[in-house]
Amino acid sequence: DDNGIDLVVLTSTANCDGIASQSYSPIITLEPLSQTVVSGDTVTLSTKAKAKPAPTFTWQYLDLNSKLWKNISGGTSASITLSNVTTADTTSYHVIVKNSVGEKTSKSAKLAVLDKPQFTQQPADTLLMVGASAYIQVLENRATLPVNTVGKTAKVYVGVTGSPKLVYQWFKDGKPIPNAIKNKLSLKKVDPGKDGGSYSVTITNAVGEVTSNDFAVTIIDPVKITQH
């Protein structure tokens, strides 16, 4: 059991020469290991066991909806391979090792399948008047995004998918912007010398990293009409 106490059942039978032959229930010597992988990977879960007579293996997964353990089709050997895994395969797995004397269930192995970050909408170039403000915001795992707005306060939306937790770093002219580590970059009362330039954002999670296209923030003076 999971408390580390194994109950081993021993039986003895005599062969045709009258010599005792000892049988025993399965003893698991290698537990399956928890893993964190990327969507699309191939995953192998393995166990090792001693038993006499030789045991059978039945791999199961925990159905997160019913909370019941269910058999995996074809999972009848000491190892099982899961191909092209997706986030839907994220759950717990164990194996039941059984022979005619008894059975033993392994400890549960947790499989976490994560999606790398990926842009669904890149940031757009932005034109601002001197003194205006702009907010460039990354929205995570949204089917649709709001429409970008312009004016005294511009709002630019960027779309990304990926498994949490997503970590951000914004850049200006290729250099990290100090403390710009949230999903929103705020430019307030912009000035050409201070705020104009080329920007990008890098987004990271446990299994990957992606950097946006560069986008330009251009700041212009309002047109002044004078009378002669």
Side-chain angles (χ1 to χ4, degrees), residues 34-43 64 82-91 110-228:
S34 297
Q35 300 181 49
T36 298
V37 300
V38 181
S39 293
D41 278 359
T42 296
V43 177
L64 298 179
L82 308 174
S83 301
N84 197 30
V85 294
T86 69
T87 53
D89 295 307
T90 295
T91 186
K110 294 182 179 179
L111 178 63
V113 184
L114 304 181
D115 288 329
K116 293 180 180 181
Q118 182 176 345
F119 286 103
T120 58
Q121 179 169 298
Q122 291 280 350
D125 293 342
T126 303
L127 182 65
L128 300 170
M129 296 291 187
V130 172
S133 297
Y135 300 94
I136 301 96
Q137 185 172 6
V138 180
L139 299 179
E140 300 175 2
N141 300 308
R142 296 279 191 93
T144 59
L145 298 178
V147 176
N148 293 343
T149 63
V150 296
K152 189 173 182 180
T153 301
K155 295 181 179 179
V156 178
Y157 296 100
V158 183
V160 69
T161 58
S163 298
K165 178 184 177 182
L166 298 178
V167 178
Y168 296 86
Q169 177 62 64
W170 294 87
F171 294 81
K172 179 178 182 291
D173 298 328
K175 297 180 180 179
I177 302 172
N179 301 316
I181 54 174
K182 296 183 178 181
N183 69 319
K184 186 176 183 180
L185 179 67
S186 299
L187 304 176
K188 299 179 179 179
K189 296 182 178 179
V190 295
D191 173 83
K194 176 173 65 75
D195 301 301
S198 177
Y199 289 78
S200 64
V201 59
T202 294
I203 304 174
T204 308
N205 69 2
V207 292
E209 177 180 291
V210 65
T211 298
S212 73
N213 297 339
D214 290 341
F215 63 99
V217 174
T218 304
I219 302 166
I220 60 175
D221 284 315
V223 177
K224 295 180 180 180
I225 300 176
T226 59
Q227 294 181 341
H228 294 284

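We use all heavy atoms of the structure for the numbers below, so side chains are in, but hydrogens, waters and symmetry mates are not.
Distance check: Thr218 OG1 to Leu127 CG gives 6.0 Å after rounding to the nearest 0.5 Å. In this structure, OG1 in Thr42 is found 9.0 Å from CG in Leu82, a value given to the nearest 0.5 Å. Remark: Leu187 CG to Lys172 NZ distance equals 9.5 Å, nearest 0.5 Å.
For residues 144-155, no residue pair satisfies the side chain to side chain donor-acceptor pair (under 3.5 Å) rule, not counting sequence neighbours. Residue pairs meeting the side chain to side chain donor-acceptor pair (under 3.5 Å) criterion with at least one member in residues 122-137, sequence neighbours excluded, do not occur.
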Any chance you could lay out the side-chain contact (heavy atoms from CB on, under 4.5 Å) test for Glu209 and Ile203, step after step, and finish with the verdict? CA-CA 6 Å; Glu209 177 180 291; Ile203 304 174; over 6 Å; no

Do Val158 and Ser212 pass the side-chain contact (heavy atoms from CB on, under 4.5 Å) test, and can you show the C-alpha distance, the side-chain angles, and the key distance before you say yes or no? CA-CA 9 Å; Val158 183; Ser212 73; 5.7 Å; no

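Smallest separation of non-hydrogen atoms from Thr90 and Val113: OG1-N, 2.9 Å. In terms of heavy atoms, Gly151 sits closest to Ala132 at O-CB, 4.2 Å. Pro117 approaches Asn205 most closely through the heavy-atom pair CD-OD1, 3.3 Å. Residues Val38 and Val85 come closest through the heavy atom pair O-CG2, 3.9 Å.
Annotation: side-chain contact (heavy atoms from CB on, under 4.5 Å) contacts of Val150 (sequence neighbours excluded): none. Residues that satisfy the side chain to side chain donor-acceptor pair (under 3.5 Å) test with Thr86, not counting sequence neighbours, are absent from this structure. Pro146 pairs by the side-chain contact (heavy atoms from CB on, under 4.5 Å) definition with Leu139, Tyr157, not counting sequence neighbours. Qualifying side chain to side chain donor-acceptor pair (under 3.5 Å) partners for Thr211, counting only residues two or more places apart in sequence or in other chains: Thr202. Take Phe215 and apply the ring pair (Phe, Tyr, Trp, His ring centres under 6.0 Å) test, not counting sequence neighbours, and it matches Tyr199. Applying the side-chain contact (heavy atoms from CB on, under 4.5 Å) rule to Lys182 yields no partners; only residues at least two apart in sequence or on another chain are considered.
With contacts defined as side-chain heavy-atom distances shorter than 4.5 Å, the pair Gln35/Val43 qualifies. The shortest distance between side-chain heavy atoms of Trp170 and Ser200 does not fall below 4.5 Å. Side-chain contact between Ser34 and Leu111 is absent, with no heavy atoms from C-beta onward closer than 4.5 Å. Proximity of Leu128 to Asp195: side-chain heavy atoms (C-beta onward) are nowhere separated by under 4.5 Å.
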When the side chains of residues 161-169 are checked against the rest of the protein, which donor-acceptor pairs come out under 3.5 Å, sequence neighbours left out?
residue: Thr161; atom: OG1; partner: Gln118; partner atom: O; Å: 3.4
residue: Ser163; atom: OG; partner: Asp115; partner atom: N; Å: 2.7
residue: Tyr168; atom: OH; partner: Glu140; partner atom: OE2; Å: 2.7
residue: Gln169; atom: NE2; partner: Ile177; partner atom: O; Å: 3.1

